[in-house]
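Here the structure comes first, spelled out in structure tokens, and everything after it is commentary.
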Amino acid sequence: MKELLRTTDPTLMAFAQMLLRGEDIACFEFDVNTSIIEGSIGILPRRLMVADRDHFVATAVMRDNDVDLGQ
């Protein structure tokens with residue numbers, strides 16, 4: 001798996017997941033429990049991961065929808 005997005009913004013994470021699912025690209029959110037443990041003050045980012053084979057297309061989907069990947 002490869003990291004596609006790292007953010008502390010839950011709305012951006014939900015938007016990115018919706019875009020990927022719309023393109024039938026499987027994704028998984030890492031660090032959910034870690035960010036909950038820190039008290040939900042938003043200092044620990046969550047990561048959105050995709051399969052290696054889907055990374056190129058997923059990156060294109062994000063850029064086509066003006067999602068800043070920070071890369």
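Remember, it's a predicted structure, so these values are computed and weren't measured experimentally.
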**OP:** Supply the atom-to-atom distance L69 CG to T59 OG1, rounded to the nearest 0.5 angstrom.
**Re:** 6.0 Å
Subject >> Sub-4.5 Å side-chain heavy-atom contact between L4 and H55 >> reply: yes
Original post:
Same hydrophobic cluster for V57 and L5, using side-chain heavy-atom links shorter than 4.5 Å among ILVMFWY?
Top reply: yes
Original post:
Just how far is it from atom CG of L48 to atom CZ of R6, taken to the nearest 0.5 Å?
Top reply: 12.0 Å
Original post:
Does the side chain of V50 reach to within under 4.5 Å of the side chain of I25, using non-hydrogen atoms?
Top reply: yes
List the atom pairs, donor and acceptor, that lie under 3.5 Å between side-chain atoms in residues 13-20 and the rest of the protein, sequence neighbours left out.
unit_1 : atom_1 : unit_2 : atom_2 : d
Q17    : OE1    : R21    : NH1    : 3.4
Q17    : OE1    : R21    : NH2    : 3.3
Q17    : NE2    : E29    : OE1    : 2.8

Original post:
Would you say M1 and F30 make side-chain contact, with heavy atoms under 4.5 Å?
Top reply: yes
Original post:
Do the side chains of V61 and L12 join up, straight or via other hydrophobic residues, at under 4.5 Å, putting them in one cluster?
Top reply: yes
Original post:
Would T7 and D9 count as having a side-chain donor-acceptor pair, cut-off 3.5 Å?
Top reply: no
Subject >> Side chains of R46 and V32 in contact at under 4.5 Å (non-hydrogen atoms) >> reply: yes
